[in-house]
Amino acid sequence: MSAFRIQDAAGRRLDEIYSYTRRRWGEAQAQKYIRGFFDKFKAIAARRCPWRAIPAEFGVDGFYCRHERHVIYWKLLDDGSVGIATILHERMHQIERIKDDLKS
């Protein structure tokens with residue numbers, strides 16, 4: 001299994017998602033949802049889940065897949081590991097947010 005690294009923007013997004021989920025649905029649901037993200041990150045790193053290239057009009061290189069109501073964006077790092085760049089809710093304006101998050 002390949003490794004994955006959570007980059008700064010993705011770490012901030014995970015914190016936001018956890019806090020929102022905990023306030024809305026409670027501690028147990030927040031922990032379960034975040035664990036689901038980490039399971040998906042492992043599957044991405046092991047190349048065990050379907051993904052697509054980020055569309056050219058976004059202007060950044062990378063890939064994406066879904067986890068429930070969120071879209072996970074990542075890129076392959078120089079050492080071959082997966083860099084989890086950002087996580088956005090499906091209702092967020094994707095192009096605006098990932099351009100900044102994927103450049104770092």
Side-chain angles (χ1 to χ4, degrees):
M1 177 171 84
S2 297
F4 67 88
R5 285 189 249 155
I6 298 172
Q7 297 178 309
D8 290 342
R12 287 190 302 275
R13 304 272 189 237
L14 284 169
D15 289 344
E16 292 167 1
I17 293 164
Y18 177 82
S19 294
Y20 175 83
T21 305
R22 192 180 83 204
R23 280 192 313 274
R24 179 100 176 167
W25 291 286
E27 180 72 25
Q29 182 61 32
Q31 289 181 11
K32 179 180 176 185
Y33 198 56
I34 295 299
R35 276 194 306 273
F37 277 110
F38 280 85
D39 290 342
K40 183 65 91 168
F41 300 158
K42 291 174 190 172
I44 292 167
R47 312 314 194 257
R48 289 186 287 119
C49 71
W51 68 79
R52 294 184 175 168
I54 296 172
E57 62 266 20
F58 281 43
V60 293
D61 291 326
F63 306 92
Y64 72 98
C65 69
R66 295 185 61 85
H67 172 65
E68 301 205 18
R69 297 287 190 170
H70 286 85
V71 181
I72 301 168
Y73 292 92
W74 77 91
K75 56 186 174 180
L76 294 176
L77 303 177
D78 291 339
D79 65 1
S81 63
V82 169
I84 305 298
T86 194
I87 304 161
L88 302 175
H89 191 274
E90 65 188 3
R91 292 185 183 173
M92 290 179 166
H93 191 271
Q94 307 292 305
I95 293 174
E96 293 293 320
R97 296 189 186 230
I98 70 165
K99 282 184 180 179
D100 289 335
D101 290 352
L102 281 174
K103 288 179 183 175
S104 56

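All figures in this text were calculated on a predicted structure; none of them were measured in a lab.
- Linking ILVMFWY residues whenever their side-chain heavy atoms come closer than 4.5 Å, directly or via other members, leaves W25 and I87 in distinct clusters.
- Under the 3.5 Å distance criterion, the side-chain polar atoms of S81 are left unmatched by any main-chain donor or acceptor of L77.
- Looking only at distances, a side-chain donor or acceptor of R47 sits under 3.5 Å from a matching main-chain atom of A45.
- Looking at every heavy atom in both residues, K40 comes nearest to C49 through CD-SG, 4.2 Å.
- Q7 CD to R13 CZ: the interatomic distance, rounded to the nearest 0.5 Å, is 12.5 Å.
- Within the 4.5 Å cutoff, the side chain of F38 has heavy atoms near those of the I6 side chain.
- Of all heavy-atom pairs spanning P55 and Y64, the tightest one is CD-CE2, 4.1 Å.
- Of the N and O atoms on the side chains of H89 and Y20, not one donor lies less than 3.5 Å from an acceptor on the other residue.
- Each of H67, E68, H70 was evaluated against Y33; a single residue qualifies, H70, per the side chain to side chain donor-acceptor pair (under 3.5 Å) test.
- For the ring-ring contact (aromatic ring centres under 6.0 Å, His included) with W74, the lone residue among F37, W51, F41 that qualifies is W51.
- Atom CD1 of I44 is separated from atom CD1 of I84 by 4.5 Å, given to the nearest 0.5 angstrom.
- When all heavy atoms of I17 and T21 are compared, the closest pair comes out as O-OG1, 2.7 Å.
- Here the side chains of Y18 and E27 are in contact, with some heavy-atom distance below 4.5 Å.
- Between the CG atom of L88 and the CD atom of E16 there is a distance of 9.5 Å, given to the nearest 0.5 Å.
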